[in-house]
Amino acid sequence: MRAYGLSDVKDDDKGVLLVFANNVKEAKKMDDGTIDPDYYTDLRVKWYREFDGMENASDRELALAKWKNGWWFDESGYPYHETATDEEFLEWYDSIWGDLY
């Protein structure tokens, strides 16, 4: 499946919700309320090829892939993706969410 990012054209502070779908039309229907734009026409869909085929990845694996691609996390203290190792990121990730997933 393809990976798509859903976002609100008028409010970048809502971030990007990564979903997996066969096409854009399917992806647009997958907003779980995270993005929730004022108008359906404000829902932006962007294809993220780097995450294609990861629909069965764990949250941990997906977070690592996002981090490697420079995605930003709300929690502070995460290692800088251009200088840190995967192990350093996963250690940080586990310290924040280890008990949840």
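Counting begins at 1 with the first residue of the sequence. Not measured: the values here are computed from a predicted model.
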In Å and rounded to the nearest 0.5 Å, what is the CZ to CZ distance from F51 to F20? 8.0 Å

May I have the list of side-chain donor-acceptor pairs in residues 63-73 shorter than 3.5 Å, sequence neighbours left out?
{"unit_1": "W67", "atom_1": "NE1", "unit_2": "P79", "atom_2": "O", "d": "2.7"}
{"unit_1": "K68", "atom_1": "NZ", "unit_2": "D86", "atom_2": "OD2", "d": "3.1"}
{"unit_1": "N69", "atom_1": "ND2", "unit_2": "A65", "atom_2": "O", "d": "2.8"}

Do the non-hydrogen side-chain atoms of Y40 and K28 ever get within less than 4.5 Å of each other? yes

Which residues satisfy the side chain to side chain donor-acceptor pair (under 3.5 Å) test with K46, sequence neighbours excluded? none

Neighbour count >12 (heavy atoms, 6.0 Å) for atom CD, E91: no

State which residues pass side-chain contact (heavy atoms from CB on, under 4.5 Å) with K25; sequence neighbours excluded, sorted by chain then number. N23, K29

Stepwise, does the side-chain contact (heavy atoms from CB on, under 4.5 Å) test hold for Y93 with D59? CA-CA 10 Å; Y93 181 88; D59 290 333; 3.6 Å; yes

Which residue pairs pass the salt bridge (charged side-chain N to carboxylate O under 4.0 Å, His left out) test with at least one member in residues 30-43, sequence neighbours excluded? K10-D42

Is there a side-chain contact between Y4 and L17 (heavy atoms, below 4.5 Å)? no

Nearest 0.5 Å, please: how far is NZ in K14 from CG in L6? 12.0 Å

With sequence neighbours excluded, residues passing side chain to side chain donor-acceptor pair (under 3.5 Å) with N22: E26

Residues in side chain to side chain donor-acceptor pair (under 3.5 Å) with E50, at least two apart? none

For the hydrophobic clusters of this structure (ILVMFWY residues joined by side-chain heavy atoms under 4.5 Å, transitively), does one cluster hold both L90 and I96? yes

Report the residues that fulfil salt bridge (charged side-chain N to carboxylate O under 4.0 Å, His left out) with R2, sequence neighbours left out, ordered by chain and then residue number. none

side-chain contact (heavy atoms from CB on, under 4.5 Å) with S58: which residues, sequence neighbours excluded? R60, E61

Can you measure from CG (D12) to OG (S7) and round to the nearest 0.5 angstrom? 6.5 Å

Can you list the residues that meet the side-chain contact (heavy atoms from CB on, under 4.5 Å) rule with T41, with sequence neighbours excluded? Y39

Nearest heavy-atom pair of A27 and V45: which atoms, and what distance? CB-CG1, 4.2 Å

Is there a donor-acceptor pair under 3.5 Å between the side chain of D52 and the backbone N or O of A3? yes

If you apply the rule side-chain contact (heavy atoms from CB on, under 4.5 Å), what do you find for W47 with V24, and how did you get there? CA-CA 8 Å; W47 181 20; V24 171; over 6 Å; no

Spatial distance of atom CZ (R44) from atom CG (D8) [nearest 0.5 Å]: 8.0 Å

Between I35 and L43, is there a side-chain heavy-atom distance shorter than 4.5 Å? yes

